[in-house]
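Let me begin by presenting the structure, written as structure tokens, before commenting on it.
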Amino acid sequence: MATLQPVRGTHDLLPDEQRRHRHVVEAARDVAARYGFAEIATPIFEFTEVFKRTLGDTSDIVTKEMYTFRDRGGEEITLRPEYTAGIARAFISGGLAQELPLKVFASGPMFRYERPQKGRLRQFHQIDVEILGVPEPQADIEVIALGAHILGELGVLPRTTLELNTLGDGESRAAYREALVAYFSDHRARLSEDSRARLERNPLRILDSKDPGDRALIGAAPRLSEHLNAASTAFFAAVREGLDILGVRHTVNERLVRGLDYYTHTAFEFTTEALGAQGAVLAGGRYDKLIEAMGGTPTAGIGWAGGVERLAMLLTDPPVAPRPIALVPVGEAAQLPALRLAHELRGAGFCVELGYRGNIGRRLKRADKLGAACAVLIGEDELARGAITLRDLDTGAQREVALADIAAALARFRAPAAAPAP
RNA sequence: GCGAGCGUAGCUCAGCUGGUUAGAGCACUAGACUGUGGAUCUAGGGGUCACGGGUUCAAGUCCCGUCGCUCGCCCCA
């Protein structure tokens with residue numbers, strides 16, 4: 001078993017699990033389409049430089065979590081740890097500045113070399129949306145409302161909380177950062193070791209510390225809201241007003257921050273208590289300076305990523321497989337006619353399971369196990385009369401139907417009628 | 001990367017202070033039942049007790065290492 005284990009932090013998606021994942025992704029794609037987001041896909045790997053530029057040299061993701069390797073041509077390649085970088089790169093290299101405003105939806109696997117935990121894997125999956133080219137708060141409102149809508153569609157919204165904050169524009173943010181560094185530098189000796197490191201690399205992150213000593217200092221620290229300029233305050237107010245009008249409930253959490261300089265204004269997280277330490281289920285923010293930082297012409301951006309595994313774990317009523325129609329040939333002579341009938345019904349859009357072996361009892365038992373809604377029995381008697389026997393497997397009622405009328409008789413068993421939840 | 005706990009059949013678990021060929025339930029396969037499923041009964045297949053080493057007359061049980069999972073920390077989706 002040791003050698004046949006999947007690589008640490010990777011997981012097989014067997015049918016039940018894959019169905020849950022698919023349900024999450026399809027619900028998201030579907031709702032996003034209603035909001036006018038077009039689906040795109042970018043490569044699973046990029047030049048390492050793409051992620052270094054977007055994530056910054058000091059983030060944990062870049063310093064220790066990337067799957068990086070050199071390919072046979074000597075290029076430095078990295079398996080994508082998140083989606084935004086690839087989309088930003090595609091935006092620049094594909095000349096999409098002509099298409100603004102651009103609204104895209106994407107999903108797929110991500111890779112981070114982390115210590116696995118519940119809801120945290122080395123290969124995991126995300127859904128992702130981005131709006132490029134809209135500096136107005138309307139984009140923030142739309143993107144957050146879309147997230148809430150998807151969570152609602154999945155039935156998990158009641159188990160989440162939306163936390164919201166603003167980092168302000170570049171000016172406000174720089175002013176606050178300065179005040180914060182000054183304050184914590186004065187109290188450097190009392191900071192935890194982790195937070196002393198943060199002070200050098202990522203001072204805003206100290207606000208997020210769980211260390212009790214840090215928490216005491218944080219209480220008296222300068223507040224972000226006191227350093228917002230008028231424009232930033234108005235922007236945040238507009239976002240909140242929009243959410244209120246849409247009935248998207250949220251709480252302001254001033255300690256919710258993003259470390260890197262190209263993040264601006266809105267930061268948000270839908271979190272849950274249900275997944276232990278990995279509470280963030282869908283999170284994002286505004287990154288008006290990112291495209292510029294990557295070498296493109298300045299373009300506003302906002303988006304979020306949602307964790308498919310985490311969302312799938314929160315589903316309360318998991319999707320079920322479509323109920324097939326079980327075709328049951330009775331006797332040797334019925335085998336080929338049944339094969340032909342299965343082919344025709346499938347062509348007509350029915351979900352049909354034709355057993356492989358066994359007598360009628362065995363086949364019905366198998367049909368039952370598959371959750372078949374009905375069985376179509378075809379034997380010598382039926383062949384002689386040009387008919388089939390249709391048995392409703394829920395009620396046990398059964399009747400003979402002429403072959404010519406079969407499609408109509410089966411109409412109510414057409415997949416994907418959902419089976420009752422187990 | 002740091003700290004702690006846990007690995008016995010596909011799943012959930014039992015297996016006493018080390019002591020014969022490692023068990024149960026569920027699931028699976030087959031038969032009772034070659035024109036009628038869900039139930040019942042009977043039989044069967046499945047395990048290098050995560051992997052490797054050590055202690056011992058004897059290891060699923062004790063010790064060490066490795067791998068994996070879980071829970072915190074860190075970070076995040």
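Below, chains carry the letters A, B, ... as their sequence lines are ordered, and counting in each starts from 1.
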Original post:
Between B:U70, B:A77, B:G37, which nucleotide gets closest to the side-chain atoms of A:Leu364?
Top reply: B:G37
**OP:** Flag the pair A:Tyr35 / A:His149 as yes when their ring centroid distance falls below 6.0 Å, and as no otherwise.
**Re:** yes
**OP:** Using a 4.0 Å heavy-atom cut-off across all strands, classify A:Asn359 as base, sugar-phosphate, or nothing.
**Re:** sugar-phosphate
**OP:** Write down the distance separating the C1' atoms in B:G45 and B:C2, rounded off to the nearest Å.
**Re:** 46 Å
Original post:
Considering only the P atoms, how many Å lie between B:G65 and B:C28, rounded to the nearest integer?
Top reply: 42 Å
Subject >> Pairwise P distance, B:A24 and B:C41 [rounded to whole Å] >> reply: 16 Å
**OP:** Under 4.0 Å between any heavy atoms, over every strand shown, what does A:Gly119 touch: base, sugar-phosphate, or nothing? Just pick one.
**Re:** base
Original post:
Now, which nucleotide makes the Watson-Crick or G-U wobble pair with B:C73, with each of the two distances under 3.5 Å?
Top reply: B:G1
**OP:** Under 4.0 Å between any heavy atoms, over every strand shown, what does A:Ala367 touch: base, sugar-phosphate, or nothing? Just pick one.
**Re:** nothing
Original post:
So what's B:C67 paired with, Watson-Crick or G-U wobble, going by both distances under 3.5 Å?
Top reply: B:G7
Subject >> Nearest-angstrom distance from the residue atom CG of A:Leu315 to P of B:A77 >> reply: 20 Å
**OP:** Mind telling me whether A:His21 and A:His125 have parallel, tilted or perpendicular rings, with 30° and 60° as the class edges?
**Re:** perpendicular
Original post:
When the distance from CZ of A:Arg357 to C1' of B:U34 is rounded to whole Å, what number comes out?
Top reply: 16 Å
Original post:
Can you find a donor-acceptor pair, distance only, under 3.5 Å between A:Arg8 side chain and B:C69 base?
Top reply: no
**OP:** When you get a sec, tell me which of B:U36, B:G1, B:G31 is the closest nucleotide to the side chain of A:Arg362?
**Re:** B:G31
**OP:** Would you kindly say whether A:Asp140 and A:Thr266 are connected by a side-chain donor-acceptor distance under 3.5 Å?
**Re:** yes
Subject >> Member of A:Trp304, A:Tyr83, A:Tyr287 meeting the side-chain hydrogen bond (donor to acceptor under 3.5 Å, both in side chains) criterion with A:Glu130 >> reply: A:Tyr287
**OP:** Would you classify A:Gly358 as touching base, sugar-phosphate or nothing, given that sugar-phosphate means primed atoms plus P, OP1 and OP2, and contacts are heavy atoms under 4.0 Å?
**Re:** nothing
Original post:
What about A:Arg115: does its side chain form a donor-acceptor pair under 3.5 Å with the base of B:C71?
Top reply: no
Original post:
Counting side-chain heavy atoms from CB outward, which of B:G35, B:U34, B:C76 is closest to A:Asp381?
Top reply: B:G35
Original post:
To the nearest Å, how far apart are A:Glu309 CD and B:U70 P?
Top reply: 12 Å
Subject >> Donor/acceptor link under 3.5 angstrom from A:Gln398 side chain onto base of B:G35 >> reply: no
Original post:
Taking atom P of B:C28 as reference, at what distance in whole Å does atom CG of A:Leu370 sit?
Top reply: 11 Å
Subject >> Touch class at under 4.0 angstrom, heavy-atom based, for A:Leu393 against every strand present >> reply: base
Subject >> Complement of B:U21, any strand, by Watson-Crick or G-U distances under 3.5 angstrom >> reply: none
Original post:
Across the strands shown, which category fits A:Val330 at heavy-atom distances under 4.0 angstrom: base, sugar-phosphate, nothing?
Top reply: base
Original post:
Between A:Lys369 and B:C28, is there a side-chain N or O to OP1/OP2 distance below 4.0 Å?
Top reply: yes
Subject >> Atom C1', compared across B:A22 and B:C64: separation rounded to whole Å >> reply: 25 Å
Original post:
Within this structure, what is the CZ-to-P distance between A:Arg159 and B:A77, rounded to whole angstrom?
Top reply: 21 Å
Original post:
To the nearest 0.5 Å, what is the distance between CZ (A:Arg122) and CZ (A:Arg115)?
Top reply: 9.0 Å
Original post:
Checking only heavy atoms, does the side chain of A:Arg391 share a donor-acceptor pair with the base of B:G37 at less than 3.5 Å?
Top reply: yes
Original post:
To the nearest angstrom, how far is A:Leu121 atom CG from B:G68 atom P?
Top reply: 13 Å
**OP:** Just name whichever nucleotide pairs with B:C49, Watson-Crick or G-U, keeping both distances under 3.5 Å, else none.
**Re:** none
Original post:
If you measure only the distance, is there a donor-acceptor pair under 3.5 Å linking the side chains of A:Thr271 and A:Thr161?
Top reply: no
Subject >> Separation of the C1' atoms in B:G52 and B:C67, to the nearest angstrom >> reply: 10 Å
Original post:
Has A:Arg120 got a side-chain N or O lying under 4.0 Å from the OP1 or OP2 atom of B:U70?
Top reply: no
**OP:** Identify, between A:Gly307 and A:Val7, the residue whose nearest nucleotide on RNA chain B lies closer to the 5' end.
**Re:** A:Val7
**OP:** Select base, sugar-phosphate, or nothing to describe what A:Gly9 touches, counting heavy atoms under 4.0 Å on all strands.
**Re:** sugar-phosphate
Original post:
With rounding to whole Å, what would you report as the distance between B:G25 and B:A14 at their C1' atoms?
Top reply: 11 Å
Original post:
Which is true for A:Leu377 with a 4.0 Å heavy-atom rule: it touches a base, it touches only sugar-phosphate, or it touches nothing?
Top reply: base
Original post:
To the nearest angstrom, how far is A:Glu382 atom CD from B:U36 atom C1'?
Top reply: 11 Å
Subject >> Watson-Crick/G-U partner (both atom distances under 3.5 Å) of B:G35 >> reply: none
Subject >> Identity of whatever pairs with B:A30 - Watson-Crick or G-U, under 3.5 angstrom >> reply: B:U42
Original post:
In this structure, are over 12 heavy atoms from other groups packed under 6.0 Å from A:Arg346 atom CZ?
Top reply: yes
Subject >> Spacing between A:Glu82 atom CD and B:A77 atom C1', to the nearest angstrom >> reply: 11 Å
Subject >> Atom C1', compared across B:A77 and B:A50: separation rounded to whole Å >> reply: 30 Å
Original post:
Given B:C76, is OP1 or OP2 found less than 4.0 Å from the side-chain N or O atoms of A:Arg205?
Top reply: yes
Original post:
Is it the case that A:Glu292 and A:Thr299 place a side-chain donor and acceptor less than 3.5 Å from each other?
Top reply: no
Original post:
If we take the P atom in both B:G46 and B:A39, what is their distance in whole Å?
Top reply: 26 Å
**OP:** Return yes if a side-chain donor-acceptor contact under 3.5 Å exists between A:Glu178 and A:Tyr183, otherwise no.
**Re:** no
**OP:** Searching all strands shown, indicate the nucleotide that pairs with B:C16 (Watson-Crick or G-U wobble; both distances under 3.5 Å).
**Re:** none
**OP:** Determine the contact category for A:Glu114: base if any of its heavy atoms lies under 4.0 Å from a base atom, sugar-phosphate if only primed atoms, P, OP1 or OP2 are that close, otherwise nothing.
**Re:** base
Original post:
Considering every strand shown, what is the Watson-Crick or G-U wobble mate of B:G60 when both distances are under 3.5 Å?
Top reply: none
